[in-house]
Student: 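Dumping the structure here so I can ask a few things about it.
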2 protein chains.
Amino acid sequence: MNIATDTRSRILAAAKPRFHSRSYANVGIQEICEGAGIQKGSFYHFFPSKRDLVMAVIDEFADEWANGFVAEAFDPALPPMERIDYLIDAAYFWQKSIKQVHGRMLGCIFGNLTLEVSTQDDILRAKLLAIFTRAKSRFSETLGQAVAAGTIAPLDTELTAEAMLAYLEGVILLAKAQNDPEVLYRLGPAIKTLRVELKTA
Amino acid sequence: MNIATDTRSRILAAAKPRFHSRSYANVGIQEICEGAGIQKGSFYHFFPSKRDLVMAVIDEFADEWANGFVAEAFDPALPPMERIDYLIDAAYFWQKSIKQVHGRMLGCIFGNLTLEVSTQDDILRAKLLAIFTRAKSRFSETLGQAVAAGTIAPLDTELTAEAMLAYLEGVILLAKAQNDPEVLYRLGPAIKTLRVELKTA
DNA sequence: CTTGCATTTTACCGATCGGTCAACTAGTAT
DNA sequence: ATACTAGTTGACCGATCGGTAAAATGCAAG
């Protein structure tokens with residue numbers, strides 16, 4: 001069981017940075033096996049297909065985020081709107097450190113995969129959408145508390161949350177186009193100016 | 001000359017929808033040749049490499065946009081901020097019509113390609129960045145005129161323009177994740193709430 | 001009629017793609 | 001000791017990848 005778990009996690013460890021830094025189609029099973037130091041047949045013992053592998057990779061990234069600085073950012077002890085500042089900061093420093101190590105801005109793997117595969121694979125698309133939906137609810141929860149605290153004027157928390165998530169993904173996209181995490185630093189803070197007003201039903 | 005031009009444009013006509021609806025890596029030269037009704041050797045007579053093809057495809061899409069509804073949206077006769085409304089509307093209706101025909105939201109080919117290839121090919125990245133830079137200047141020009149007309153309070157037109165472009169790309173990304181152009185309709189108008197204030201130097 | 005050039009076809013290159021299969025190893029439970 | 005099973009290996013599948021080279025075609029100018 002331990003050995004099995006070890007091989008499986010070595011596969012994931014080899015796959016994660018490759019999918020993040022290149023693309024789904026550009027990373028082959030064979031290369032991943034070489035990176036993990038195993039044979040291809042062994043790979044297919046743990047993952048029925050390449051798609052299943054990338055789903056596991058998505059889960060690992062999502063867990064890392066959720067338990068890492070996203071958990072720190074959305075700390076209930078912080079004033080609501082400061083959590084958003086914190087999140088932007090964290091994204092900036094993360095991308096910056098990746099660039100320092102790797103030489104390139106890799107961006108958000110969820111966004112990367114979404115634009116690459118979501119027209120070709122509805123199962124992957126659904127998986128990625130679930131990630132975004134969870135992220136959106138973190139934002140909307142925070143916005144709700146900010147409104148309740150009187151920090152910001154009432155607004156449509158659901159739609160504003162979605163708008164903020166979209167903005168964050170868009171900023172990361174433009175930063176990747178420039179291979180420059182400073183774009184995040186310059187544009188990130190404007191996320192708090194986004195507002196979708198309540199429907200005046 | 002005519003025949004040559006015809007073959008070349010048939011190649012482009014076959015390549016464009018394929019790159020738009022799938023991805024760079026997922027579309028092969030052979031398939032494009034079949035779509036264009038030619039042999040592979042003929043393809044390489046007109047394009048030295050796959051990268052050169054996709055650069056030509058990018059140019060064609062950029063021209064289409066620039067001469068199509070982007071030109072209409074940024075009509076100097078319109079009040080500045082209405083041009084932005086118009087652009088969002090146009091993007092929405094475009095994606096919606098694509099979905100009706102194709103069954104899927106394809107999103108923005110520039111954004112799609114950026115996230116797929118920009119870590120792997122600096123030449124393509126530079127090409128895509130140039131597209132975004134041009135788009136940004138359309139926004140900043142518009143914002144400058146809106147400020148001059150007193151429609152909006154003074155702000156950092158360059159950074160706000162970049163933020164708006166990022167937001168547009170991000171909204172399209174989320175819409176693609178949901179395979180639903182209505183996301184554009186719901187979130188698009190909030191683009192005008194984005195502001196980056198002037199540095200109080 | 002011929003030379004020359006652009007275009008096109010056909011066949012081919014080595015490499016890689018995702019995935020399968022049968023044989024083999026090793027540890028565990030009976 | 002034996003049977004079972006999880007894990008692993010290495011060889012293999014047909015298909016496709018981007019790209020090349022040489023021969024054939026067609027056309028136009030001299």
Side-chain angles (χ1 to χ4, degrees), chain A residues 1-58 112-113 116-125 127, chain B residues 1-19 21-58 113 116-125 127:
Chain A
M1 185 77 77
N2 265 347
I3 298 170
T5 303
D6 179 63
T7 299
R8 202 188 116 100
S9 63
R10 283 220 318 280
I11 293 172
L12 285 169
K16 279 172 64 183
R18 286 172 171 84
F19 282 135
H20 192 196
S21 70
R22 308 225 294 283
S23 73
Y24 180 63
N26 198 58
V27 176
I29 305 291
Q30 183 158 314
E31 178 191 342
I32 290 167
C33 291
E34 283 160 15
I38 59 161
Q39 299 306 118
K40 198 184 276 193
S42 200
F43 171 88
Y44 281 98
H45 179 73
F46 292 96
F47 297 96
S49 71
K50 188 183 184 184
R51 180 213 267 162
D52 289 276
L53 169 66
V54 84
M55 297 234 276
V57 166
I58 291 168
N112 297 348
L113 288 173
E116 181 183 359
V117 307
S118 64
T119 55
Q120 306 176 54
D121 189 323
D122 272 327
I123 293 175
L124 284 180
R125 185 175 64 77
K127 180 107 195 164
Chain B
M1 184 78 76
N2 265 346
I3 298 170
T5 303
D6 179 65
T7 298
R8 202 188 116 99
S9 63
R10 284 221 316 280
I11 294 171
L12 285 169
K16 280 173 64 183
R18 285 172 172 84
F19 282 135
S21 70
R22 309 226 292 282
S23 73
Y24 180 63
N26 198 59
V27 176
I29 306 291
Q30 183 158 314
E31 178 190 342
I32 290 168
C33 291
E34 282 161 15
I38 58 161
Q39 300 307 118
K40 197 185 274 193
S42 198
F43 170 88
Y44 280 98
H45 178 73
F46 291 97
F47 298 96
S49 72
K50 187 183 184 183
R51 182 213 266 162
D52 289 276
L53 169 67
V54 83
M55 296 235 274
V57 166
I58 291 168
L113 289 173
E116 182 182 359
V117 307
S118 65
T119 55
Q120 307 176 52
D121 189 323
D122 272 329
I123 292 176
L124 283 180
R125 187 176 63 77
K127 179 107 196 162

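The sequence lines fix the lettering, A, B, ..., with proteins before strands; numbering per chain opens at 1. The analysis underlying the following values was restricted to heavy atoms, covering all of them including side chains, and did not include hydrogens, waters or symmetry mates. Every value quoted in this text rests on a predicted model; they were computed, and no experiment measured them.
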Student: Nearest-Å distance, CZ (F43(B)) to P (dT10(C))?
Tutor: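 Atom CZ in F43(B) sits about 18 Å away from atom P in dT10(C).
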Student: Measure from the side chain of T7(A), starting at C-beta and using heavy atoms only, and say which of dT8(D), dG19(C), dG18(D) lies closest.
Tutor: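 Closest of the options to the side chain of T7(A): dT8(D).
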Student: Within residues 22-38 of chain A, which residues have any heavy atom lying less than 4.0 Å from an atom of DNA chain C?
Tutor: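 Close to the strand are V27(A), G28(A), I29(A), Q30(A).
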Student: Which listed nucleotide (dG18(C), dT8(C), dT10(C)) is nearest to the side chain of S42(B)?
Tutor: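 Within the option list, the nearest is dT8(C).
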Student: Rounded to whole Å, how long is the line connecting atom CZ of R8(A) with atom P of dT8(D)?
Tutor: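 That distance rounds to 13 Å.
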Student: Specify the separation, in whole Å, of atom OH of Y44(A) and atom P of dG18(C).
Tutor: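 So the OH-P distance, Y44(A) to dG18(C), works out to 7 Å.
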Student: Output the rounded distance in Å from CG (D52(B)) to P (dG18(D)).
Tutor: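 In whole Å, dG18(D) P and D52(B) CG are 14 Å from each other.
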Student: Please report the closest heavy-atom contact between A14(A) and G35(A), naming both atoms and the distance.
Tutor: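 Here A14(A) and G35(A) meet closest at CB-C, 3.9 Å.
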Student: Using every non-hydrogen atom in the two residues, find where A25(B) and E116(B) come nearest and quote the distance to one decimal.
Tutor: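 Closest heavy-atom pair between A25(B) and E116(B): N-OE2, 2.9 Å.
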Student: Round to a whole Å and report the spacing from CZ of R18(A) to P of dG18(C).
Tutor: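 In whole Å, dG18(C) P and R18(A) CZ are 13 Å from each other.
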Student: Between H45(B) and dT7(C), does any side-chain N or O lie under 4.0 Å from OP1 or OP2?
Tutor: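 H45(B) to dT7(C) OP1/OP2: side-chain N or O found under 4.0 Å.
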Student: Within this structure, what is the CZ-to-P distance between R10(A) and dG7(D), rounded to whole angstrom?
Tutor: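 Result: 13 Å.
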Student: Starting at CZ of F46(B) and ending at P of dG18(D), how long is that distance when rounded to a whole Å?
Tutor: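 Rounded to whole Å, this separation is 19 Å.
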Student: Between S49(A) and Y44(A), what is the shortest heavy-atom contact and its length?
Tutor: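 Shortest heavy-atom contact: CA-CE2, 4.1 Å.
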Student: Does the pair R10(A) and D6(A) meet the rule for a salt bridge (charged side-chain N to carboxylate O under 4.0 Å, His left out), with working shown?
Tutor: CA-CA 6 Å; R10(A) 283 220 318 280; D6(A) 179 63; 2.9 Å; yes
Student: Write down the distance between CG (L53(B)) and P (dC17(D)), rounded to a whole number of angstrom.
Tutor: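 Going from CG in L53(B) over to P in dC17(D) covers 14 Å.
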Student: To check you understand the geometry: which heavy-atom pair defines the closest contact between V57(B) and K16(B), and what is its length?
Tutor: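 The pair with the smallest heavy-atom distance is CG1-CG, 3.8 Å.
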Student: Find the distance between CZ (R8(B)) and CZ (F47(B)) and round it off to the nearest 0.5 Å.
Tutor: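 Separation between the atoms: 4.0 Å.
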Student: Measure the spacing between CZ of F46(B) and OG1 of T7(B) and express it to the nearest 0.5 Å.
Tutor: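 Taking CZ in F46(B) and OG1 in T7(B), the distance rounds to 5.0 Å.
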Student: Can you identify which nucleotide, out of dT20(D), dA6(C), dG10(D), has its nearest atom closest to the K40(B) side chain?
Tutor: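 Looking only at heavy atoms from C-beta outward on K40(B), the closest nucleotide is dT20(D).
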Student: Ignoring hydrogens and angles, are the base of dG19(C) and the side chain of K50(A) linked by a donor-acceptor pair under 3.5 Å?
Tutor: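 Side chain to base: no pair present.
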